[in-house]
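Quick note: numbers below take in every heavy atom, side chains included, and nothing from hydrogens, waters or symmetry partners.
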Amino acid sequence: MSTAIKAKANALPSVRQGKVVKTNRTGGKTECLFADGISILVSNFVASFIRAGDELLFPLEHEAVDAGTQSYIRKTNPEERRWDVFQAEIGYATQPRRDKRNNLFVSAEIRDSRLGISAINLRCEALKDYFYVGNRRRGWDRQPSSYELLQVNPNASPAELRLAFKLGTLEFNAAQASTEELRALNRAFNILVHPELRACYDALQHDPASPALFPYGGFGSLLVAGDISRGGSTFYASRILSFLPQQRFKLFRAPLRNVVFHNDHAVYRDSHRKLEIFFDYSSLPLPWDSSWNQWKHLVGAKIGVKATFVQSGKYLHQGDSRHLAQWETALPSRIEVALPVNIAEQIAEARRTHHRFGQFAEALDLIRARIEAAPVERAELQKLCAALGIPGDFEIAQITWKPDYEGFYYEQLRNRSRRLYVFRSEYIFDLETAVIVETPQLGHATYLFSKPTNIAEFLAIYGSVTKDDIRSNRGNVAERLGFLCRLIHGLSPRGWLKELKLRCGEAVDYTAAELSD
């Protein structure tokens, strides 16, 4: 079937095809000399699969074949049947399914296909023998288990796995273990500490013929051995030779309220940045349990995170259609967390506030009914709280605060306002030069209005209309309120702040605004 790739190459004028007559290693690269006298530099690893007589195909615009460069090594020696070799950047790898012969496989899509190949079909056995083993030179039945590599029992908690990984890394470094041994230890930990991948590994331990997942959903440079389909659009891979995932190092502060707490692990997800991190008690050293989910939104603390992220994704169902949700997942072996000095005090305060919500539930229901009917100034609400027996240090603005809201926006607006009104689920800030409406919930924009001559009249009109009325200028309400624009929160709070300052007539330091993100 390998003649299909030759036919493909003839039909694609942007593809260079040559028969290799000689290879010559020159330091970090290998020179491949073709029969027509032209040569190209190839990475030493890819070159290790090239022999004299092989045909090499690659896009014309490439001056060298490196990791990720689409390339096809076609074996032509009829006396020695060997698999062809194909390298490409892949995107999403599907969940396992069965082919017509009842074999389990996953299909990985090719990004920016240049050689006419649109997908790589990988047998689950190949995934198992590459991602779920400690020693890739041994068969499955001769493999030490990942639990044995980490020296833990199969019931070990995520925190116990991390401790074992740290101890194992120290021991390997002290013994000057090989790079491959350290990689095997990292691989074992990264599989077992991820709930879905651990379940997959445990199933393979019980039955090696079980479905195998492509860890984190694919995304990276894949080098495989196998055959091409008759039509030349699909490469059937029987063995994975190398996989380099897309990786990015990130250093940022993560709101603790965005963490979902479980009994033995916690998950941080940032819907704006499309980030995901799995924590255990060792990587996030706090005495948390699942009850924290009840009041975590009241914690303003942010934890410092340093981590290496790999691209990941999964198709999700939306009605009758499906869409690919992509995000980046932190490699568990490369996560570092720094906690604020006063984290214990902030957590204790959030718990106290949550307790007050329950203790004064009836009084707070009365306040909610009041602000549902009309905007009420914060100072008046504080007096009402005092009359109802609620302590004076209770932050009334928190009664409408949603867990996913970024407090940065509230703090910036509050610091600029002369008065704050609470209305339904919104805050209305009366600034010196404008009136701003903010909803403390993810996905809501900041609404900016010109400064009214009479704030009471503004509030009366605003309380009788909807956001849709304002956006559509229904009944000229946008004009009557002096609606100027919406400031989208987006991915960059600093970008939002820069726009806010500009709209409010403040001096803007553009350099500082850009560098702060």
Any residue meeting side-chain contact (heavy atoms from CB on, under 4.5 Å) with A93, in chain and number order, not counting sequence neighbours: A108, F214

Result of checking I50, D54, I73 against C32 for side-chain contact (heavy atoms from CB on, under 4.5 Å): I50

side-chain contact (heavy atoms from CB on, under 4.5 Å), paired with E31, selected from T23, L41, V42: L41

Aromatic ring pairing F49/F45, orientation class (parallel under 30°, perpendicular over 60°, tilted between): perpendicular

Whether F278 and H194 hold their rings parallel, tilted or perpendicular, with breakpoints at 30° and 60°: tilted

When rounded to the nearest 0.5 angstrom, what is the spacing between [atom1] in [X] and [atom2] in [Y]?
X: L60; Y: L57; atom1: CG; atom2: CG; value: 10.5 Å
X: Q311; Y: Y216; atom1: CD; atom2: OH; value: 13.5 Å
X: S146; Y: F189; atom1: OG; atom2: CZ; value: 12.0 Å

Ion pair R74/D84, N-O distance below 4.0 Å: no

Ring center gap for F357 and W295 short of 6.0 angstrom: no

Check: W288 ring centre within less than 6.0 Å of Y281 ring centre: yes

Salt bridge (Lys or Arg N to Asp or Glu O under 4.0 Å) partners of residues 121-141, not counting sequence neighbours, each pair once: R123-E125

Of all pairs that satisfy salt bridge (Lys or Arg N to Asp or Glu O under 4.0 Å), the ones with a partner from residues 255-269, not counting sequence neighbours: R257-E406, R269-E276

Please tabulate, for side-chain N and O atoms in residues 164-174, each donor-acceptor pair with protein atoms closer than 3.5 Å (sequence neighbours left out).
unit_1	atom_1	unit_2	atom_2	d
T169	OG1	F165	O	2.8
N173	ND2	T169	O	3.2

Flag if over 12 foreign heavy atoms under 6.0 Å of CZ, R239: no

Donor-acceptor list for residues 241-250 side chains, cut-off 3.5 Å, not counting sequence neighbours:
unit_1	atom_1	unit_2	atom_2	d
Q247	OE1	R334	NH1	3.1
R248	NE	E328	OE2	3.0
R248	NH2	E328	OE1	2.7
R248	NH2	E328	OE2	3.3

Pairing residues for R368 by the salt bridge (charged side-chain N to carboxylate O under 4.0 Å, His left out) criterion, not counting sequence neighbours: D365

Side chain to side chain, L56 and Q17, heavy atoms closer than 4.5 Å: no

Verdict with reasoning, Y132 to I191, per side chain to side chain contact (heavy atoms under 4.5 Å, CB included): CA-CA 8 Å; Y132 295 90; I191 289 291; 3.9 Å; yes

Polar side chain donor-acceptor pair, E349 to H354, under 3.5 angstrom: no

